Amino acid sequence: MRMIKWQNGTVLTPDQTKLPLQEVTLKITTVDQMCEAIKVLRIRGAPLLGAAAAFGIAIAAYHSKTQSKEKLLSELEDAATKIKLQRPTAVNLFWAADRVLAKARAFIGTTEELKAAVVEEAQKIADEDAAQNRAIGENGAALIKDGDTVLTHCNAGELATVEYGTALGVVRAVCEQGKKIKVIADETRPLLQGARLTTYELMRDHIPVTLITDNMAAYVMSKGLVNLVVVGADRVVQDAVFNKIGTYGVAILAKEHNIPFYVAAPKSTFDLSRKAAEIVIEERKPEEVTHIAGVQIAPTGVKVYNPAFDATPLKYVSGIICESQIYYPKDFAKFGPNFQL
Ligand code: MRU
């Protein structure tokens, strides 16, 4: 199912803050609305953020009244700058915005043709993501046997992508091959993407899923209840994988229990010119920790630390499943600015 659609200047996408209790479709027609949706996680998940950034610039192009190409380009640059300010960690957002801008800057043609070309490029980014996730699913499916139980953290599913999912794309592909598998979903505090979104989309697709709280993962692994871990990524750098806070802990637990730990991510999530220390980890507001679903659970005024992502060093990663192949530790050793993906 398509998670983000372009309809004559309007972007349609589920409001993920309302799931699983309400299914509300956002209708986004301005760059400011797109920025707000990204900031508060109505739209979330690295590949979906990429498509949203591209469609956000497409909105600026489509609704622009200017006939001047120079003015249009400057409006597109402004839109991209605003969108990029919303969340710092998922590289897909920057990658997609820069790809659309590069297309616009290099475009030869009239102003109206340029507007259409920007919309077309955004649509292309979305279509490519959908196809890449199916390829990731096929590549990863070979790692999972009939009867296995797979643990995942956060939501790297259809809701985090344009279609099909990355980590959950692997799960879907395994199920489509007729293997009977089960999924264990970490709830993923503080924003509960596992509890709210992963369980929702797997139950909708009749894939067996069991929800656990984050602090149960060690026990569940120690009982031999997990055969493999697969998670998504917000950015893959030379020495680490950035993903939802808590992923690093899951990776350490997997290593301790001799459970393979895989990451599923398209090439648009790779940023091999950088190392972990250079990446900004988003810190979000204290209320996400002091409150659950609007109900205060901690004393008023308590000091809070709320990083939204962590970096898992590659020594904990068994492989990174992408659309063309699976990268293994022998490949990680060569990761750098000149590495050919
Ligand atoms: O803060 P979020 O919900 O945008 O974080 C999402 C994740 O960490 C996902 O695991 C990641 O983006 C991969 S999505 C295919």
Side-chain angles (χ1 to χ4, degrees), residues 3-4 13-19 37-53 86-96 126 129-130 132-137 140 151-172 183 185-198 200-202 214 229-236 240-251 261-271 279-285 288-289 306-312 317 320-323:
M3 286 300 123
I4 192 160
T13 187
D15 183 344
Q16 299 195 30
T17 61
K18 300 279 194 288
L19 289 170
I38 291 172
K39 184 90 201 162
V40 307
L41 274 59
R42 298 185 201 285
I43 298 174
R44 51 149 295 283
L48 189 63
L49 287 172
Q86 302 311 314
R87 297 193 76 189
T89 310
V91 73
N92 307 59
L93 188 132
F94 302 88
W95 166 85
D129 185 66
Q132 285 155 2
N133 294 330
R134 294 212 177 247
I136 288 172
L151 183 138
T152 192
H153 189 74
C154 194
N155 172 264
E158 184 144 80
L159 285 159
T161 62
V162 174
E163 211 173 272
Y164 206 66
T166 55
L168 297 189
V170 173
V171 165
R172 284 198 168 85
V183 175
D186 282 351
E187 66 171 347
T188 319
R189 272 284 281 154
L191 292 182
L192 304 171
Q193 288 92 333
R196 296 187 300 107
L197 307 174
T198 294
Y200 164 82
E201 64 167 84
L202 291 179
D214 297 326
V229 175
V230 61
V231 297
D234 289 87
R235 193 184 292 240
V236 178
V241 170
F242 285 79
N243 192 46
K244 179 53 56 193
I245 191 77
T247 302
Y248 179 28
V250 175
F261 178 93
Y262 283 91
V263 173
K267 291 178 183 175
S268 53
T269 307
F270 284 67
D271 182 15
I279 305 308
V280 176
I281 291 194
E282 178 182 10
E283 280 185 40
R284 296 186 61 85
K285 56 183 188 181
E288 293 180 355
V289 177
N306 185 16
F309 300 95
D310 58 27
T312 299
V317 179
I320 304 178
I321 309 159
C322 81
E323 60 270 39

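Since this is a predicted model, take the numbers as computed values, not measurements. Just follow the structure's listing: the first ligand is 1, and inside any ligand the first atom is 1.
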Give the intermediate values and the outcome of side-chain contact (heavy atoms from CB on, under 4.5 Å) for residues Y164 and M3.
CA-CA 9 Å; Y164 206 66; M3 286 300 123; over 6 Å; no
Per side-chain hydrogen bond (donor to acceptor under 3.5 Å, both in side chains), N92 is matched among D234, T269, D129 by T269
Closest non-hydrogen atom pair between E163 and A130, with its separation:
CB-CB, 3.7 Å
Restricting to non-hydrogen atoms, name the atom on E187 and the atom on D214 that form the minimum distance, rounded to 0.1 Å.
N-OD1, 3.4 Å
List of N/O pairs, ligand 1 versus protein, all under 3.5 Å?
residue, atom, partner, partner atom, Å
ligand 1, 1 (O), R87, NH1, 3.4
ligand 1, 1 (O), R87, NH2, 2.7
ligand 1, 1 (O), K244, NZ, 2.7
ligand 1, 3 (O), R44, NE, 2.5
ligand 1, 3 (O), R44, NH2, 3.4
ligand 1, 3 (O), Q193, NE2, 2.9
ligand 1, 4 (O), G45, N, 3.0
ligand 1, 4 (O), R87, NH1, 2.8
ligand 1, 8 (O), D234, OD1, 2.8
ligand 1, 8 (O), N243, OD1, 3.2
ligand 1, 8 (O), K244, N, 3.2
ligand 1, 10 (O), N243, OD1, 2.6
ligand 1, 12 (O), A46, N, 2.8
ligand 1, 12 (O), D234, OD1, 3.3
ligand 1, 12 (O), D234, OD2, 2.9

Going by atom types only, do N306 and E283 share a side-chain donor-acceptor pair under 3.5 Å?
no
I would like to know whether T17 and D15 meet side-chain hydrogen bond (donor to acceptor under 3.5 Å, both in side chains); could you show each step before the answer?
CA-CA 6 Å; T17 61; D15 183 344; 2.6 Å; yes
